[in-house]
Amino acid sequence: MATLEVRDKYTGEVIGRVPVADREAVERAVAAAREAFPAWSRTPAHRRAAIIHRAADLLEARREEIATTIAREAGKAWKHALAEADRSVETFRFSAEEAKRVHGETVPMDASAAGEGRWGFWVRVPVGVVAAITPFNFPLNLVAHKVGPALAAGNSVVLKPASTTPLTAVLLCDVLREAGLPDGVLELLVGPGSTVGDWLVTDRRVSKVSFTGSPSVGEGIVRAAGLKKVTMELGNNSGTVVEPDTDLGVAVPRCVVSAFANSGQVCISLQRLYVHASIFDDFTRRFLAATAALKVGNPVDRDCDVGPMIDEAEAIRAQAWIAEAVAGGARVLAGGRREGAMLEPTVLCDVTPTMKVVCQEAFAPLVCLVPYDDFEDALAAMDDSEYGLQAGVWTNDLRKAFRAIERLDCGGVMINDTSIFRVDHMPYGGNRRSGLGREGVRFAVEEMTHVKMVVIRP
Ligand code: NAP
């Protein structure tokens with residue numbers, strides 16, 4: 001069987017080998033998940049919850065080992081990798097709790113004359129086999145956001161993690177097995193999206209595709225999936241507005257982390273920063289000082305802030321976007337240099353709306369600073385995007401906060417924070433090219449269940 005070598009993204013050292021699935025392996029995995037589904041879906045909610053809780057406990061006990069695996073295979077700074085491990089524990093705990101809350105409602109049948117004399121209620125039932133396809137940038141928590149709710153709802157799962165970061169997923173599957181998950185309820189397939197992913201998406205025994213990744217791949221999956229439920233968690237070129245009444249002592253460090261954590265490879269990473277002209281110079285000076293203080297280097301170092309990008313090709317692509325912006329009149333205020341997959345945290349100004357660094361998803365450690373005079377213009381600029389995942393607005397003016405909430409066409413508006421804020425039980429997802437449907441445990445459970453209506457004529 002062919003194997004895939006997984007490398008440390010900083011040193012290039014091979015840190016693991018995993019078997020690559022072929023067509024028969026996909027066939028067997030879907031068959032096993034299908035076979036395991038009836039018994040798992042009938043397993044009482046408290047038992048499903050207990051297994052998921054146990055998995056959370058086991059993950060917590062191994063949090064440092066997991067953080068190291070994430071830091072090495074994804075190139076994520078250790079402190080952020082540890083935060084991801086901790087968030088995943090919480091995502092599983094929320095999932096265990098949600099397993100006990102999968103329920104419906106009664107329907108007042110006599111609201112219609114035709115319904116008189118009948119009793120009605122609806123329940124939520126699991127859809128069957130969920131195909132979970134996940135990206136490289138949160139190799140544990142974005143897997144947890146699919147596996148946890150799917151298991152909570154009584155579905156079985158076939159998981160295909162990103163080919164660059166499969167080791168954390170292997171570890172998670174071991175943990176769930178140790179926690180008591182029956183055979184077949186969670187199957188893992190490693191292999192290229194274009195083959196293994198596509199075979200899964202087009203398999204008629206799969207009832208639901210839950211995908212997190214890039215918009216172009218997501219669009220292809222929606223077309224290929226046919227009559228299946230789909231959830232699409234896609235990209236964004238996230239923006240944040242900073243009003244003059246903002247406490248820059250709080251906002252600036254938060255903006256710097258939001259732009260450069262995980263080398264900007266976060267779907268809600270701060271890419272466009274609109275700062276009121278009256279504070280622009282002060283903000284920029286502080287922002288550049290905080291950026292210069294970031295420790296860039298080997299992600300496993302405990303004080304590392306920014307590690308490499310996922311591979312050199314991506315870093316070259318991002319650097320080319322920066323060069324293109326500079327050729328169009330942008331200025332590099334910090335960073336811009338590259339060595340292999342390491343791209344320095346880069347700050348740009350004098351950008352225009354049609355530059356790739358502004359209008360497309362950079363997914364790199366780069367941020368554009370844009371001054372504005374009028375709040376409405378800033379909101380309009382931020383909303384002038386084909387994406388709509390999350391946005392941030394720093395203001396202490398209640399009217400402006402509510403104006404932003406009303407004006408912005410996106411899945412989440414963060415007041416007095418940046419686009420990057422997320423906790424794992426809140427509804428999360430995007431509009432337009434940012435996706436379809438929502439995650440956040442309760443919301444993912446809704447997406448992974450059917451509503452079944454029952455009408456009784458006594
Ligand atoms: P990607 O290239 O789209 O890959 C995501 C997953 O899809 C991988 O497992 C990939 O497999 C698989 N895949 C690729 N082609 C496929 C196909 N034809 N059929 C089925 N599966 C296929 O994305 P990425 O580079 O890993 O992640 C970055 C993107 O994810 C960014 O756009 C980011 O914004 C987005 N993202 C969104 C969210 C959110 O919640 N909205 C969160 C995180 C990331 P291989 O690895 O084998 O190619």
Side-chain angles (χ1 to χ4, degrees), residues 4 6 9 18 20-21 26 73-76 84 87 91 131-146 158-169 188-203 206 209-225 228 230-238 261-271 309-311 313-314 317-318 360-364 385-390 410-412 419-420 422 424 426-440 443-444 447:
L4 177 77
V6 185
K9 301 303 182 283
V18 277
V20 174
V26 175
E73 75 167 349
K76 181 176 292 188
E84 178 177 351
R87 278 182 61 185
T91 303
I133 302 179
T134 53
F136 72 81
N137 62 333
F138 283 84
L140 184 59
N141 200 33
L142 291 179
V143 174
H145 267 288
K146 300 187 187 311
V158 182
L159 165 66
K160 196 215 87 63
S163 299
T164 42
T165 56
L167 299 180
T168 317
L188 175 68
L189 293 170
V190 175
S194 55
T195 54
V196 174
D198 187 61
W199 294 330
L200 254 183
V201 164
T202 50
D203 193 307
V206 168
V209 178
S210 178
F211 173 77
T212 301
S214 55
S216 54
V217 172
E219 272 184 338
I221 289 177
V222 169
R223 271 195 295 272
K228 293 183 176 72
V230 289
T231 299
M232 292 283 137
E233 295 284 350
L234 310 177
N236 201 35
N237 58 345
S238 307
N262 202 23
S263 288
Q265 300 165 120
V266 181
C267 47
I268 39 180
S269 202
L270 179 50
Q271 181 178 333
M309 291 181 64
I310 193 65
D311 57 34
E314 272 298 287
R317 191 262 314 153
Q360 295 190 23
E361 180 182 37
F363 222 58
S385 168
E386 46 180 5
Y387 300 106
L389 188 48
Q390 288 201 158
C410 57
S419 53
I420 211 168
R422 181 182 187 188
D424 294 288
M426 71 188 218
Y428 180 79
N431 304 345
R432 300 184 270 180
R433 266 176 81 72
S434 289
L436 274 180
R438 294 292 180 263
E439 288 192 339
F443 303 89
E447 304 255 344

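Every number for a ligand or one of its atoms is a count from 1 in the order of the listing.
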Counting non-hydrogen protein atoms only, what is the nearest one to [atom]? Give residue, atom name and distance.
atom                    : value
atom 19 (N) of ligand 1 : G193 O, 3.2 Å
atom 45 (P) of ligand 1 : S163 OG, 3.5 Å
atom 41 (N) of ligand 1 : L234 O, 2.7 Å
atom 33 (C) of ligand 1 : F363 CE1, 3.3 Å
atom 6 (C) of ligand 1  : T134 O, 3.4 Å
atom 15 (N) of ligand 1 : V217 CG1, 3.5 Å
atom 7 (O) of ligand 1  : F211 CE1, 3.2 Å
atom 34 (O) of ligand 1 : E361 OE2, 2.5 Å

Among F136, Y428, Y387, closest by any non-hydrogen atom to atom 26 (O) of ligand 1: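 The residue whose heavy atom sits nearest atom 26 (O) of ligand 1 is F136.
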Is there any N or O on [X] that sits under 3.5 Å from an N or O of ligand 1?
X    : result
C267 : no
T164 : no
N236 : no
G213 : yes
R422 : no

Please identify which atoms of ligand 1 are closer than 4.0 Å to at least one heavy atom of [X].
X    : answer
D198 : 19 (N), 20 (C)
L389 : 41 (N)
P192 : 47 (O)
T212 : 5 (C), 36 (N), 37 (C), 38 (C), 39 (C), 40 (O), 42 (C), 43 (C), 44 (C)
P161 : 9 (O)
G191 : 47 (O)
G197 : 19 (N), 20 (C), 21 (N)

With a cut-off of under 6.0 Å to the ring centre and 45° to the axis, is K76 in cation-pi contact with F136?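 No, K76 does not lie over the aromatic ring of F136.
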Ring of F443, cation from R438 - is the NZ or CZ under 6.0 Å from the centre and inside 45° of the axis?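 Negative - R438 is either too far from the ring of F443 or too far off its axis.
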Any side-chain donor-acceptor pair under 3.5 Å between E73 and T168?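 Yes.
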So, N141 and D424: side-chain donor and acceptor under 3.5 Å apart, yes or no?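 Yes, side-chain donor-acceptor contact under 3.5 Å.
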Heavy-atom contacts under 4.0 Å between L142 and ligand 1: side chain, backbone, both, or neither?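 Side chain only.
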How does E439 reach ligand 1, by side chain, by backbone, by both or by neither, if only non-hydrogen atoms under 4.0 Å count?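 None of E439 does.
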Close approach, F138 and ligand 1, non-hydrogen under 4.0 angstrom: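 Checking ligand 1 against F138, which is what was asked, there is no heavy-atom contact under 4.0 Å.
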Spacing of [X] atom [atom1] and [Y] atom [atom2] [to the nearest 0.5 Å]:
X    : Y    : atom1 : atom2 : value
E233 : H145 : CD    : NE2   : 9.0 Å
I221 : T202 : CD1   : OG1   : 10.5 Å
L270 : N237 : CG    : CG    : 11.0 Å

Do any non-hydrogen protein atoms sit less than 4.0 Å from atom 4 (O) of ligand 1?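 Neighbour list for atom 4 (O) of ligand 1 is empty of protein heavy atoms (cut-off 4.0 Å).
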Would R87 and E84 count as a salt bridge (Lys or Arg N to Asp or Glu O under 4.0 Å) if you check the C-alpha gap in whole Å, the side-chain angles of each, and the deciding distance to 0.1 Å? CA-CA 5 Å; R87 278 182 61 185; E84 178 177 351; over 6 Å; no
